[in-house]
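Below is one structure, written out as structure tokens; the observations come after it.
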Amino acid sequence: MTTPGEILQRYRIRPDKRRGQSFLTDLNTIHKIAAAGKITREDLVVEIGAGFGVLTGNIAQRAGRLIAVEIDLKLVGILQKELAQCKQVEVFSGDILKFDFSCISKQYKSKIKVVGNIPYNISSPVVFHLLAHRRVIRDFTLMLQKEVVERLVSAPGRKSYGVPSVLLQMYADMKKLFDVPPGCFYPAPKITSSVMQGKFLEEPRFALEDEKLFNRLVRASFAQRRKMLANNLKQAAFLKELGEEDITSALRQAGIDGKRRGETLSVEEFGALSNFLKNQLTNRG
Ligand code: SAH
């Protein structure tokens, strides 16, 4: 087997920082990430940011079909050459943020498993892109900056719990798998990375009457973290049609003390509160 170091040399690859290129060179970590995805011959897999294919080659041995998405044209060329023997691999040249998961899922009549050591500069947009396509994605195993993973898997009351934690966990079961130190990459990043795994639920964790309102509520509740929830809500533009007593009443119906801070609410509590606020808004309208 060709090692990552040999490929780097053979093609004289100069990592492009703007594209978040930090290539995995540690074989043990490459193996661990590919194995964590629990991929079988039945699976349709999409890899985000395949680079020159270190993970790709490993996943290809397990998957039924693998679509390796890469934006850098030089790397796309290398992938095509290095993986020419793997008939189950298709290299897709383009931006993952424009990648249409729903269309691919339809084409192959299968839900998708997503894997990737993803560029840190676009980690948040990637997560929201996956969320937008959650109905066709089974699960995702991703390596991100450690702090970002901690935010996405965080629980109420923790400092790292915030808007992304709630928005993602309404739709997915999240867990952190393991940390990966800088020495496992070339070039070595300044930060520690972590691998996380998410499984999208068939239905949201809480039956939401209005997903957009839920989204707004979560953002407003964390607008000023140190403020009481009731005060953050009274200042929220999307609730301006409601009077103080309507907000107080929705909080009471949801069984939530308005003196609490937003950061203490569970995902389900946010869900319940958004439904009761929806009720108040409908009654007003
Ligand atoms: N998976 C490889 C490469 C990780 S580095 C490895 O583990 O070694 C991240 C990769 O994502 C780079 O190859 C970079 O070119 C690619 N990339 C950056 N932005 C992208 C985008 N918007 N869409 C697809 N790939 C992207």
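What's counted below: heavy atoms across the whole structure, side chains too, no hydrogens, waters or symmetry copies. Order of listing sets the numbers, starting from 1, for every ligand and every atom in it.
Neither side chain, Thr264 nor Tyr161, offers a donor N or O lying under 3.5 Å from an acceptor on the other. No side-chain N or O of Ser123 forms a donor-acceptor pair with one of Gln145 less than 3.5 Å apart.
Screening Arg151, Lys159, Arg225 against Glu263 for a salt bridge (charged side-chain N to carboxylate O under 4.0 Å, His left out) leaves a single residue, Arg225.
Residues Glu6 and Thr3 meet the side-chain proximity criterion, which asks for heavy atoms closer than 4.5 Å.
Set against the non-hydrogen atoms of Gly94, the atoms of ligand 1 under 4.0 Å away are 23 (N), 24 (C). Under a 4.0 Å criterion applied to the non-hydrogen atoms of Pro119, ligand 1 contributes the atoms 9 (C), 11 (O), 17 (N), 18 (C), 19 (N). For ligand 1, the atoms sitting less than 4.0 Å from at least one non-hydrogen atom of Gly20 are 5 (S), 9 (C), numbered in the order shown with element in parentheses. The distance from ligand 1 to the heavy atoms of Gln21 drops below 4.0 Å at these ligand atoms: 5 (S), 12 (C), 13 (O), 14 (C), 15 (O). Close contacts between ligand 1 and Leu75 involve ligand atoms 13 (O) [criterion: under 4.0 Å to a heavy atom]. Those atoms of ligand 1 that come under 4.0 Å of a heavy atom in Glu47, given as number and element, are 1 (N).
Looking from atom 6 (C) of ligand 1 to the surrounding protein, the closest heavy atom is Asn117 ND2, 3.5 Å. Among all non-hydrogen protein atoms, the one lying nearest atom 13 (O) of ligand 1 is Glu70 OE1, 2.7 Å. In terms of protein heavy-atom proximity, atom 18 (C) of ligand 1 is nearest to Arg19 O, 3.1 Å. The nearest protein atom to atom 8 (O) of ligand 1, hydrogens excluded, is given as Leu24 N, 2.9 Å; this is a heavy-atom distance. The protein atom (non-hydrogen) at minimum distance from atom 1 (N) of ligand 1 is Gly49 O, 2.8 Å.
Comparing Ile96, Ile71, Asp95 by heavy-atom distance to atom 26 (C) of ligand 1, the nearest is Ile71. Considering only non-hydrogen atoms, atom 5 (S) of ligand 1 lies nearest to Ser22 out of Gly53, Ala50, Pro4, Ser22.
For Gln85, the CD atom sits in a loose shell: 12 or fewer heavy atoms of surrounding residues, nucleotides or ligands are nearer than 6.0 Å.
A cation-pi arrangement, defined by a distance under 6.0 Å to the six-membered ring centre and an angle within 45 degrees of its axis, is present between Lys32 and Phe178.
Aromatic ring centres of Phe140 and Phe200: separated by under 6.0 Å. The aromatic ring centroids of Phe23 and Phe52 lie less than 6.0 Å from each other. A ring-centre distance under 6.0 Å is found for His129 and Phe101.
At a 4.0 Å heavy-atom cut-off, ligand 1 does not touch Asp16 at all.
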